[in-house]
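Hydrogens, waters and symmetry mates play no part in the numbers below; they use all other heavy atoms, side chains included. From a predicted model like this one, the values you see are computed outputs, not experimental measurements.
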There are 2 protein chains.
Amino acid sequence: MISEQTASREDYLEAIAKLREEEPSVRVTQISKRLGVKKPSVTAALHKLSEDGLVKHRRYGVVELTPEGRRIAEEVMRRHEVLFRFLSEVLDIDGEIAQEDACRVEHLLSPTSLDRLAKFVEFVLTCPKGQPVWHKGFKYYSEQGERDQELVARRLGEESQ
Amino acid sequence: MISEQTASREDYLEAIAKLREEEPSVRVTQISKRLGVKKPSVTAALHKLSEDGLVKHRRYGVVELTPEGRRIAEEVMRRHEVLFRFLSEVLDIDGEIAQEDACRVEHLLSPTSLDRLAKFVEFVLTCPKGQPVWHKGFKYYSEQGERDQELVARRLGEESQ
DNA sequence: CCGAACTGTTAGCCTAGACTAACTATTATA
DNA sequence: TATAATAGTTAGTCTAGGCTAACAGTTCGG
């Protein structure tokens, strides 16, 4: 479903958890479609995840998360959510792209940055000081900037010396 | 120098470019130290990068970027810079962590998101509407939030349904 | 100018993940 | 119930990257 070339263990757990919310039983084919990966890759991944006690899976049977697997999946989903909201709601990135970027980045950001980002998103969208103006302000600024992207890049470069 | 377990081709190009700024000639050992990777890994990486025409390197000699290699390296450094500034200046993340996160994420974010993030950083730090207040506002908010982090997380969760 | 010390390379092996081709179970339908 | 279709697995390969051990070049000091 979501286009990706390579999926990590965490992606599998996340996919299984999401599918579980949508359908009563999770099967290899569903995971395969969702992650854009062939079925043998899913089988292989499930083997490893089984060994690590994160999923339960008997040959030709359904796939389930263990409590530990579920815990991790939920953590990943939380990270995904934070990133997705930042990209789509704060940066106003197209939903499709925001999903893909969130998928890729969700495994790599440190907990520190992630937590801080969560607070930041919360802050920006809540705007406690009562200035939701800033959001419109950014959109305006950003659209203007589309024309002289180069200029902005150059300014960034200079300031960073 | 920067702690990392696995480095991508782009990391090598970036490291070479950075080292080049610091010292007249770049050698395998320097790259190895900088990326926290053993020397044979560097040799192997240089082979591939040579095949792709991104670096020039003769056995036991110095390492140089080709024009194309330099172009890519500069692009990566720009991405790194944008991410680092966002993390350290906007989110106020510790410099060490910000560097590491930027290193990991810089290869994965889409150009769209990256450009938008660059503009966002510019906007936030420039604050065209003349409200640098917001920055202090976030710091305050964020410190308060440290105590009831859980609560914030929960609120995020609810809203995302 | 020769050997010690350092630098770099090769060879061989490991891990994560993905793929195809071919085989085995299961399900469903005539 | 037999057989076709679908689902899942196995086996064998591939790629990117990393590592160690052992070998080969270079350089520097005596």
* Asked: Given the rule that I, L, V, M, F, W and Y join up when any side-chain heavy atoms are under 4.5 Å apart, are L91(B) and L114(B) in one cluster?
  -> yes
* To do: Check whether any side-chain N or O of H47(B) sits under 4.0 Å from OP1 or OP2 of dG8(C), and answer yes or no.
  => no
* **Nearest-angstrom distance from the residue atom CG of D52(A) to P of dG17(C)** => 10 Å
* To do: Please state how far atom NZ in K39(B) lies from atom P in dT10(C), giving the value in whole angstrom units.
  => 14 Å
* Can you check the I31(B) CD1 to dG8(C) P distance for me, whole Å? -> 9 Å
* Asked: Would you say R27(A) reaches dA7(D)'s phosphate, i.e. side-chain N/O to OP1/OP2 under 4.0 Å?
  -> no
* Structure fact -> Note: for K48(A) and R59(A) on DNA chain C, the residue whose nearest nucleotide lies more 5' is K48(A)
* Proximal nucleotide (of dG8(D), dG17(C), dA11(C)) relative to the R9(A) side chain -> dG17(C)
* **Among dG8(D), dT9(C), dT20(D), the nucleotide that comes nearest once only the side chain of V28(B) is considered** => dT9(C)
* Under 30°, 30 to 60°, or over 60°: which ring-plane class applies to F84(B) and H80(B), parallel, tilted or perpendicular? -> parallel
* To do: Measure from CZ on R58(A) to P on dT26(C) and round the result to the nearest Å.
  => 11 Å
* Has H57(A) got a side-chain N or O lying under 4.0 Å from the OP1 or OP2 atom of dT9(D)? -> yes
* **Protein-nucleotide distance (K38(B), atom NZ; dC14(C), atom C1'), rounded to Å** => 16 Å
* **T6(A) side chain near dA16(C) phosphate (N/O to OP1/OP2, under 4.0 Å)** => no
* Asked: OP1 or OP2 of dT10(D) sitting under 4.0 Å from any side-chain N/O of Y60(A)?
  -> no
* Could you check how far CG of L35(A) sits from C1' of dA16(C), rounded to whole Å? => 15 Å
* Rounded to whole angstroms, how far apart are CG on L46(A) and P on dA18(C)? -> 11 Å
* Asked: Taking only N and O in the side chain of T43(B), is any of them less than 4.0 Å away from OP1 or OP2 of dT10(C)?
  -> no
* Are Y12(A) and dA18(C) close enough that a side-chain N or O sits under 4.0 Å from OP1 or OP2? -> yes
* **Gap between atom NZ of K18(A) and atom CD1 of I31(A) - 0.5 Å precision** => 13.5 Å
* Structure fact -> Separation of dA16(C) atom P from E10(A) atom CD, nearest Å, is 14 Å
* Closest heavy-atom contact between V55(A) and S50(A)? -> CG2-OG, 3.5 Å
* Asked: Does the E22(A) side chain pair with the main chain of L19(A), one donor and one acceptor, at a distance under 3.5 Å?
  -> no
* How is S41(B) classified with respect to the nucleic acid when contacts are heavy atoms under 4.0 Å: base, sugar-phosphate, or nothing? -> base
